[in-house]
Amino acid sequence: MQLDKLSRREVEQLFQAILNLKSMEECYLFFEDLCTVGEVKSLSQRLEVAKMLRNGSTYTQIEKETGASTATISRVKRCLAYGMDGYHLALDRIEGKA
């Protein structure tokens, strides 16, 4: 796991902070302070790319609808196929499957 290269205490503190948020409004407040608009856009774009890939969309469709580069789409696709299943878990939860 690539996150193992980071300070475990700091990463766990960040993840614990996110897990302790109780509403969409709290998420907006936290991420407004934590990230730039571009960073939030990039993260949300990757999740949308993952969703579209799982639903069978083509690179062209994804690029057109999300503005994601083919490099980003390829990276997300690689994570869907060979990653830690984080995208699958999150999307399944959003869709009420897990």
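Worth knowing before you read on, the calculation uses all heavy atoms, side chains too, and leaves out hydrogens, waters and symmetry mates. Quick caveat: nothing in here was measured; it's all calculated off a predicted structure.
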Distance, nearest 0.5 Å, that separates OG of S57 from CD of E63: 13.0 Å
Closest heavy-atom pair, M52 versus Q61, reported as atoms and distance to 0.1 Å, is CE-O, 4.1 Å
Does V49 share a hydrophobic cluster with V40, counting links as ILVMFWY side-chain heavy atoms below 4.5 Å and allowing steps through other members? no
For the CG atom of L80 and the CD1 atom of I73, what is their distance to the nearest 0.5 Å? 12.0 Å
Can you list the residues that meet the salt bridge (Lys or Arg N to Asp or Glu O under 4.0 Å) rule with K97, with sequence neighbours excluded? E95
T72: side-chain hydrogen bond (donor to acceptor under 3.5 Å, both in side chains) partners, not counting sequence neighbours: S69
Tell me, do L91 and L47 make a side-chain contact under 4.5 Å, heavy atoms counted? yes
Check the surroundings of atom CD in E32: do more than 12 heavy atoms from other residues, nucleotides or ligands lie under 6.0 Å from it? no
Counting heavy atoms not belonging to F30, are there more than 12 under 6.0 Å from its CZ? yes
Could you give the distance from NZ (K51) to OG1 (T66), rounded to the nearest 0.5 Å? 12.0 Å
Look only at the side chain of S42 and the backbone of G38, and say whether a donor-acceptor pair between them is shorter than 3.5 Å. no
Running the 4.5 Å side-chain criterion over Ile, Leu, Val, Met, Phe, Trp and Tyr, what cluster does L43 land in, apart from itself? none
L34 CG to C27 SG distance, which is reported to the nearest 0.5 Å: 11.0 Å
Please name the pair of heavy atoms, one in Y59 and one in T70, separated by the smallest distance, quoted to 0.1 Å. CE2-O, 4.1 Å
According to a hydrophobic-cluster definition based on side-chain heavy atoms being under 4.5 Å apart (Ile, Leu, Val, Met, Phe, Trp, Tyr only), do F15 and F31 belong together? yes
Are L89 and V76 connected in the hydrophobic side-chain network, where two residues link if heavy atoms are under 4.5 Å apart? no
How long is the straight-line distance from CG of L53 back to OG1 of T58, given to the nearest 0.5 Å? 9.5 Å
